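Pasting a structure here, questions to come.
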Amino acid sequence: MTPLKQILLEEIAANGPIALVDFMQRALADPSHGYYMHRRPFGATDTDGGDFITAPDVSQMFGELIGAWLADLWMRMGQPSPFCLAELGPGRGTLMADILRAANVLPDFSAAAQVHFVETSAALRAAQKHLVPRATWHDTPATLPALPTLIIGNEFFDALPIQQYRKQTNGWSPVLVTAKDNNLVFADGEIEVAPFSDALMACLPDTVEHGDIVECAPMVETTMQVAAHHIATHGGAALLIDYGHAAPACGDSFQAMRGHGFVDPLAEPGLADLTAHVNFPLLAHIAETAGLTAAPIAEQGRFLEALGLSLRAQQLTQLSPGREIDIQSERHRLAAPQEMGSLFKVLGVAHKDMPMLAGFLPESM
Ligand code: SAH
């Protein structure tokens with residue numbers, strides 16, 4: 001039994017069941033036992049101790065294309081200097097390291113960029129400092145500097161805690177976590193009448209059937225509000241990539257990964273990565289409410305191809321012909337619909353005075 005499971009069982013015995021959102025928060029971010037506080041989650045295979053692999057670790061091409069996207073946007077927005085280049089939840093720092101390397105072709109971009117990381121984990125901050133020593137760290141986007149700001153976030157929002165509600169005839173019952181036979185199990189809580197924010201209400205599907213699950217994520221909503229407000233005030237844009245749905249949807253997407261496989265999310269709190277799908281229409285709605293413009297939500301595969309993924313793969317192959325098979329398989333992993341290409345979505349939002357964001361083709365709607 002993990003230490004955190006023991007603690008949660010004792011707390012539940014003393015005080016009763018806890019909300020799913022509190023379970024997820026503790027399992028991921030408990031200061032002593034939380035997953036992101038001590039685990040090294042990322043890795044290519046289960047042999048190096050990682051639990052999952054993200055796009056920046058699949059291929060350098062991911063960060064290079066996003067670096068080119070940022071440098072192009074920075075030029076077209078009038079080359080503000082200095083400007084804030086911020087990343088939400090940078091993990092090991094690979095994405096920003098690849099972005100800065102790619103953007104070296106435009107030395108003025110690199111010189112103008114103040115790099116800011118929003119990261120709560122001390123262990124991951126240390127890893128990020130190793131790869132991107134020039135960064136400044138924040139606990140929340142609320143303290144980003146008052147500068148035109150380009151924000152990126154890859155697999156950040158999926159790591160924030162969610163609360164599930166089950167539709168009942170006369171309201172919604174929150175999903176709770178309780179104890180049974182020395183194990184953690186799900187339970188339904190007492191019915192609530194209107195548990196959702198206005199923003200989430202505006203993004204629910206037209207019909208929600210009895211028994212359907214709706215997921216809400218208060219921390220996702222506040223973080224997006226803060227980021228959108230920052231851009232509305234100081235100018236700039238945000239590029240947010242994650243797995244999730246592009247249209248309003250119901251359903252249980254709460255899941256746990258350990259050693260590159262799915263596991264029971266309640267079995268080993270603190271040792272497994274817990275995530276939920278990101279509600280992209282909700283993120284877009286929050287950005288628009290703050291006065292930003294949102295591009296149509298794109299699929300990752302189409303977005304990366306529009307930015308020149310195939311061309312970059314060709315260039316890399318010419319530079320290292322011996323890596324051709326690897327490079328093609330990285331490209332496939334990032335962009336093929338049956339791999340990360342369709343499940344992962346891209347949201348671009350920008351201040352009203354910004355030029356058009358590249359990569360969001362009409363056919364990706
Ligand atoms: N972007 C990286 C890592 C994704 S994992 C990649 O693509 O590989 C999620 C990241 O978000 C981790 O760095 C984690 O520590 C961070 N994180 C999780 N919750 C956070 C919070 N509430 N505030 C800031 N960072 C958080």
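Treat the numbers as computed from the prediction; the structure is a model and nothing was measured. Atoms within each ligand, like the ligands themselves, are counted from 1 in listed order.
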Aromatic plane relationship, His138 with His116 - under 30° parallel, 30 to 60° tilted, over 60° perpendicular: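 The arrangement is tilted - the two ring planes meet at 30° to 60°.
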Atom pair CD1/CD of Ile99 and Gln60 - distance to nearest 0.5 Å: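 Nearest 0.5 Å value for the CD1-CD distance: 13.5 Å.
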Ring centers of Phe344, Phe303 separated by less than 6.0 Å: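 They do not qualify: ring centres at least 6.0 Å apart.
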Donor-acceptor under 3.5 Å (His351 side chain, Gly291 main chain):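 Side chain of His351 to backbone of Gly291: no pair is present.
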Sequence neighbours excluded, every pair satisfying side-chain hydrogen bond (donor to acceptor under 3.5 Å, both in side chains) that has a member inside residues 269-283: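 Sorted result for residues 269-283: Tyr36-Asp273, Tyr243-Thr275.
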Which N or O atoms of ligand 1 sit under 3.5 Å from a protein N or O, and how far apart is each pair?
from: ligand 1; atom 1: 1 (N); to: Gly89; atom 2: O; distance (Å): 2.7
from: ligand 1; atom 1: 1 (N); to: Asn154; atom 2: O; distance (Å): 2.7
from: ligand 1; atom 1: 7 (O); to: Thr54; atom 2: OG1; distance (Å): 3.4
from: ligand 1; atom 1: 7 (O); to: Asn154; atom 2: O; distance (Å): 3.4
from: ligand 1; atom 1: 7 (O); to: Asn154; atom 2: ND2; distance (Å): 2.7
from: ligand 1; atom 1: 8 (O); to: Thr54; atom 2: OG1; distance (Å): 2.5
from: ligand 1; atom 1: 13 (O); to: Gly91; atom 2: N; distance (Å): 3.0
from: ligand 1; atom 1: 13 (O); to: Glu119; atom 2: OE1; distance (Å): 2.5
from: ligand 1; atom 1: 15 (O); to: Glu119; atom 2: OE1; distance (Å): 3.4
from: ligand 1; atom 1: 15 (O); to: Glu119; atom 2: OE2; distance (Å): 2.5

Check: Glu324 and Gln314 side chains under 4.5 Å, non-hydrogen atoms: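 Result no, sub-4.5 Å side-chain heavy-atom pair not found.
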